[in-house]
Amino acid sequence: MTDPRGSLQGPVDATRIPRFAGPATFARLPRADEVEHVDVAVVGVPFDSGVSYRPGARFGPGHVRASSKLLRPYNPALDVSPFAELQIADAGDIAVNPFDIEDAIKTVELAARDFAARGTRLLTIGGDHTIALPLLRAAAAAHGPVAVVHFDAHLDTWDTYFGQPYTHGTPFRRASEEGLLDPTRCLHVGIRGPLYSEQDLTDDGVLGFQVVHSDDYQDATVASVVERMRARLGDGPVYVSVDIDVLDPAHAPGTGTPEAGGLTSRELLGTLRGLVGLNVVGADIVEVAPAYDHAELTGVAAAHTAYELLSVLARNRRDGG
Ligand SMILES: N=C(N)NCCCC(=O)O
Ligand SMILES: [Zn+2]
Ligand SMILES: [Zn+2]
């Protein structure tokens, strides 16, 4: 029997081709059209027509790819080489309509369903948080209602902005209303900052979310947050949505709606590692807006977030999940 991993194509070897040369794909991985089967596709959605404040997340996918060149093959924290366990490839960007939000949402959903039909899981790089809705539609179509673990400063369960239902502040309310979520298993992590009213939190609970506040990291260890998260998410399918503004602006300034008092990148990466063994069916990293970034801080944080998520998927594959 041949080792199926023998045929996997990994990143370009940085000891032969300098990191600042070579392909512009995520982590210098092959393109999806260069390999036979893709277990996990990194795909961009350059869309930011749903934002309520600073625009610019449409340039997120390119920036995260550019900031991912230094990633190395072995992840000691999870004892796994993600690119050697799974065929991971860069599927480029989904071309979405910047002038019509509902059309863009449809395009993302169809593309995501297409990947699922081919047996490919997605790690999607946004783009603003609006895109979580079509990604959740596709995930629920494949798996039934999913648990969501949502890393964000913001609840994103608001109802409308200027009368509009599809925005980056509303995806999880729409997803809950559409029955895409298992309301007994959803969780926000990193919530902080001013709300419109106290009612926001009440509504959020009714929609199916529990909250780990950013301040909880002050009094609790990452390990105890992980314990809480795992208990809430349970055994069923889990979708992971990471708004990079969950990080403190000191760690991720390049984003559209920054809030003070956020997580450190170490806290985020540590919490993500706690997803090992859960049935992670898809993930996104959104709201990277490079125009406000400095020294690739936000890009690097997002690239490492992606790497940890890929490592979780790879560990699960290795462990027979
Ligand atoms: N999803 C993100 N990043 N932000 C939502 C903020 C919505 C607001 O302006 O109230
Ligand atoms: Zn946010
Ligand atoms: Zn968000």
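Keep in mind that the numbers below use all heavy atoms, side chains included, and drop hydrogens, waters and symmetry copies. Numbering of ligands and ligand atoms starts at 1, following listing order.
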Got the closest protein heavy atom to atom 7 (C) of ligand 1, with its distance?
Y161 OH, 3.1 Å
What's the atom name of the N, O or S in H129 nearest to the Zn ion (ligand 3)?
ND1
Any N/O/S atom, backbone or side chain, of E259 lying under 2.8 Å from the Zn ion (ligand 2)?
no
Any N/O/S of D128 under 2.8 Å from the Zn ion (ligand 3)?
no
With H168 as reference, evaluate E287, H154, H129 under the side-chain hydrogen bond (donor to acceptor under 3.5 Å, both in side chains) test and give the passing residue.
E287
Nearest non-hydrogen protein atom to atom 5 (C) of ligand 1, with distance, is D156 OD1, 3.3 Å
Does D152 put an N, O or S atom under 2.8 Å from the Zn ion (ligand 3)?
yes
Checking side chain to side chain contact (heavy atoms under 4.5 Å, CB included) against R65, which of I125, D90, T25 comes through?
D90
At the Zn ion (ligand 2), OD2 of D245 and ND1 of H154 open up to roughly (10° bins) 90°
Which of the atoms of ligand 1 are close to D245, meaning less than 4.0 Å from one of its heavy atoms?
2 (C), 3 (N)
Using only N, O or S atoms, tell me which atom of D243 is closest to the Zn ion (ligand 3).
OD2
Element-labelled atoms of ligand 1 that are located less than 4.0 Å from some non-hydrogen atom of S52
6 (C), 7 (C), 8 (C), 9 (O)
Is it the case that more than 12 heavy atoms not belonging to E177 sit under 6.0 Å from its CD atom?
yes
Return yes when at least one N/O/S atom of D156 is nearer than 2.8 Å to the Zn ion (ligand 3), and no when none is.
yes
For ligand 1 and D152, I'd like to know whether there is a polar contact (N/O to N/O, distance under 3.5 Å).
no
N/O separation below 3.5 Å, W158 to ligand 1:
no
